Amino acid sequence: MADNKPTFHHLNNSQSQRILWLLEELGIEYNLVTHIRNPPSHPTAPFRSPPSLQATGPYGKAPVLITGAADGNRYIAETSAIATYLIRTFDKEDKFGLKNGDWIRDEMLVSIAQTSLGKATTTLLMLDFGLLRNGTGPGGKQFDGPEIRNILKELTRELKDGPSGGFFMGKEPGRADIMLEFGLTSIKQRRSANLEKDFLELGEWLQRVYARPAWKRAIGKAFDGVYDLTTFPKGPHL
């Protein structure tokens with residue numbers, strides 16, 4: 001039988017951390033290849049993917065998963081696609097509920113993570129890098145605080161009104177929890193909003209994530225346990 005051990009390419013201080021968490025939650029064997037971002041002093045691509053990660057395939061950015069031989073050594077990019085592949089392939093007990101769980105809720109929350117939350121956090125990061133500027137009109141600062149807070153209110157409601165257990169999908173993290181981690185960690189670390197003060201339920205959810213044995217194992221796998229999203233510039237735009 002052909003080996004189906006995947007190879008995961010992980011970039012420091014990036015969204016690929018949540019896939020490493022997922023791999024540990026699944027408890028499967030995998031190969032781990034780490035990559036370090038270009039330094040801030042890089043003349044053309046500061047903070048971007050290094051040549052080693054670009055050489056993995058056409059997308060050249062994290063995360064990247066290469067499937068095992070049994071699945072044809074396929075190159076998979078993008079977090080959601082990787083997470084879905086891993087769960088459908090290796091979650092034999094349906095722990096993540098994609099077969100018999102509330103997959104509609106899961107899909108909706110994953111969509112929020114990729115669209116509303118992802119767009120808002122990326123916009124803030126682009127403002128911090130100076131790649132975007134706020135407009136001068138009445139709607140010019142919608143993404144500079146108000147939009148983030150609206151999304152956090154929606155996520156708080158989903159967490160409170162959803163299945164009991166402490167995670168968005170119930171007693172155990174679902175695919176949606178995996179996908180939401182990066183955006184909420186970014187907001188917490190970069191102080192885009194005060195989760196502990198204004199969105200207590202989301203702050204507590206993050207602490208439950210960080211307390212998971214699988215999360216702790218994932219953090220300990222690379223980069224001396226450093227996962228620091230404050231390493232990127234923080235500009236005066238609020």
Side-chain angles (χ1 to χ4, degrees), residues 9-22 37 47-49 53 59-65 76-87 96 98 103-134 139 141-159 162 167-169 173-195 198-199 201-203 205-206 209 215 218 227-235 237-238:
H9 291 266
H10 177 37
L11 181 67
N12 66 316
N13 302 325
S14 79
Q15 62 174 311
S16 62
Q17 183 63 48
R18 54 188 167 178
I19 294 297
L20 196 54
W21 172 32
L22 173 57
R37 290 180 180 275
F47 298 106
R48 302 303 292 270
S49 298
L53 185 52
Y59 289 90
K61 57 184 181 179
V64 166
L65 186 90
I76 306 177
E78 299 296 341
T79 305
S80 181
I82 293 171
T84 302
Y85 164 79
L86 288 172
I87 293 169
F96 285 85
L98 289 192
W103 68 267
I104 295 177
R105 172 178 172 79
D106 179 85
E107 187 66 32
M108 181 184 71
L109 290 169
V110 167
S111 295
I112 290 173
Q114 295 181 107
T115 55
S116 301
L117 181 62
K119 179 174 67 175
T121 54
T122 299
T123 298
L124 286 181
L125 192 60
M126 294 302 98
L127 287 165
D128 281 331
F129 269 93
L131 299 175
L132 295 176
R133 291 189 299 173
N134 280 314
K141 290 191 175 182
Q142 282 303 301
F143 281 99
D144 210 345
E147 185 69 12
I148 284 285
R149 297 185 68 85
N150 287 338
I151 296 165
L152 293 177
K153 289 176 183 177
E154 294 173 4
L155 289 174
T156 297
R157 175 178 51 79
E158 289 291 346
L159 188 58
F167 292 96
F168 281 95
M169 296 306 296
R175 183 182 61 150
D177 292 274
I178 300 292
M179 293 297 296
L180 286 163
E181 175 277 319
F182 178 71
L184 291 174
T185 291
S186 176
I187 289 169
K188 175 182 173 63
Q189 289 192 8
R190 297 181 63 77
R191 308 299 292 173
S192 304
N194 190 329
L195 297 186
D198 300 328
F199 302 95
E201 292 86 357
L202 296 178
W205 172 84
L206 263 183
V209 169
W215 176 269
Y227 176 39
D228 184 8
L229 303 181
T230 68
T231 188
F232 308 114
K234 182 73 174 177
H237 54 84
L238 288 174

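What's counted below: heavy atoms across the whole structure, side chains too, no hydrogens, waters or symmetry copies. Given the structure is predicted, the values throughout are model-derived calculations rather than measurements. One is the number of the first residue; the rest follow in order along the sequence.
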| said: When you compare the side chain of Leu152 with that of Leu184, does any pair of heavy atoms fall below 4.5 Å? | reply: yes
| request: State whether the side chain of Asn13 and the backbone N or O of Leu229 hold a donor-acceptor pair below 3.5 Å, judged by distance alone. | output: no
| said: If I take atom CZ from residue Arg157 and atom NZ from residue Lys153, how far apart are they, to the nearest 0.5 angstrom? | reply: 12.0 Å
| request: List the atom of Pro233, the atom of Arg190, and the distance in Å for their closest heavy-atom pair. | output: O-NH2, 2.5 Å
| Distance-minimising heavy-atom pair for Arg175 and Ala83 | CG-CB, 4.4 Å
| task | Give a yes-or-no answer on whether the side chains of Arg37 and Ser49 include a donor-acceptor pair shorter than 3.5 Å. | result | no
| request: Just do the side chain to side chain contact (heavy atoms under 4.5 Å, CB included) check on Ile187 and Leu117 with the steps written out, would you? | output: CA-CA 10 Å; Ile187 289 169; Leu117 181 62; 3.8 Å; yes
| Arg48 side chain to Lys61 main-chain N or O, any donor-acceptor pair under 3.5 Å? | no
| message | Would the distance check show the side chain of Thr121 and the main-chain N or O of Gly118 forming a donor-acceptor pair, the cut-off being under 3.5 Å? | response | yes
| message | To the closest 0.5 Å, what do you measure between CZ (Phe232) and CG (Leu125)? | response | 7.0 Å
| field | Non-hydrogen side-chain atoms of Phe199 and Lys188 separated by less than 4.5 Å | value | no
| task | Go through the steps to decide whether Leu86 and Ile19 satisfy the test side chain to side chain contact (heavy atoms under 4.5 Å, CB included), and finish with yes or no. | result | CA-CA 9 Å; Leu86 288 172; Ile19 294 297; 4.1 Å; yes
| request: Starting from the C-alpha separation in whole Å, work towards a yes-or-no answer on side chain to side chain contact (heavy atoms under 4.5 Å, CB included) for Phe182 and Tyr227. | output: CA-CA 11 Å; Phe182 178 71; Tyr227 176 39; 3.4 Å; yes
| query | Taking atom CD of Glu181 and atom CG of Leu22, what is their separation to the nearest 0.5 Å? | reply | 11.5 Å
| request: For residues Leu109 and Met169, determine if any side-chain heavy atom of one lies less than 4.5 Å from a side-chain heavy atom of the other. | output: yes
| field | Minimum heavy-atom distance Trp205-Leu159, with the two atoms named | value | CB-CD2, 3.8 Å
| request: Dump the intermediate steps for side-chain hydrogen bond (donor to acceptor under 3.5 Å, both in side chains) on Thr79 and Gln15, then the final yes or no. | output: CA-CA 8 Å; Thr79 305; Gln15 62 174 311; 2.7 Å; yes
| field | Val209 vs Phe167 side-chain heavy atoms within contact, under 4.5 Å | value | yes
| From CA spacing to verdict: side chain to side chain contact (heavy atoms under 4.5 Å, CB included), Met179, Ile112 | CA-CA 9 Å; Met179 293 297 296; Ile112 290 173; over 6 Å; no
| remark: Taking every heavy atom of Phe47 against every heavy atom of Thr231, the minimum-distance pair comes out as CE2-O, 3.6 Å
| Sub-4.5 Å side-chain heavy-atom contact between Val110 and Gln114 | yes
| field | Leu206 CG to Leu180 CG distance, which is reported to the nearest 0.5 Å | value | 9.5 Å
| note | Note: Leu98 and Trp103 closest approach over all heavy atoms is O-CB, 4.2 Å
| Spatial distance of atom CG (Asn194) from atom CZ (Arg149) [nearest 0.5 Å] | 8.5 Å
| Is the count of non-hydrogen atoms from other residues, nucleotides or ligands lying under 6.0 Å from Tyr59 atom OH greater than 12? | no
| Backbone N/O of Leu11 and side chain of Ser14: donor-acceptor pair under 3.5 Å | yes
| message | Give me the atom names and distance for the closest heavy-atom approach of Phe168 to Leu155. | response | CE2-O, 3.4 Å
| said: Nearest 0.5 angstrom please: Ile82 CD1 to Leu65 CG, how far? | reply: 5.5 Å
| request: Spell out, as yes or no, whether a donor-acceptor pair under 3.5 Å connects the side chain of Asp198 to the backbone of Leu195. | output: no
| task | Indicate yes or no: does Glu158 engage Arg105 in a salt bridge with an N to O separation below 4.0 Å. | result | yes
| message | Regarding Gln189 and Thr185, do their side chains bring together a donor and an acceptor under 3.5 Å, going by distance alone? | response | no
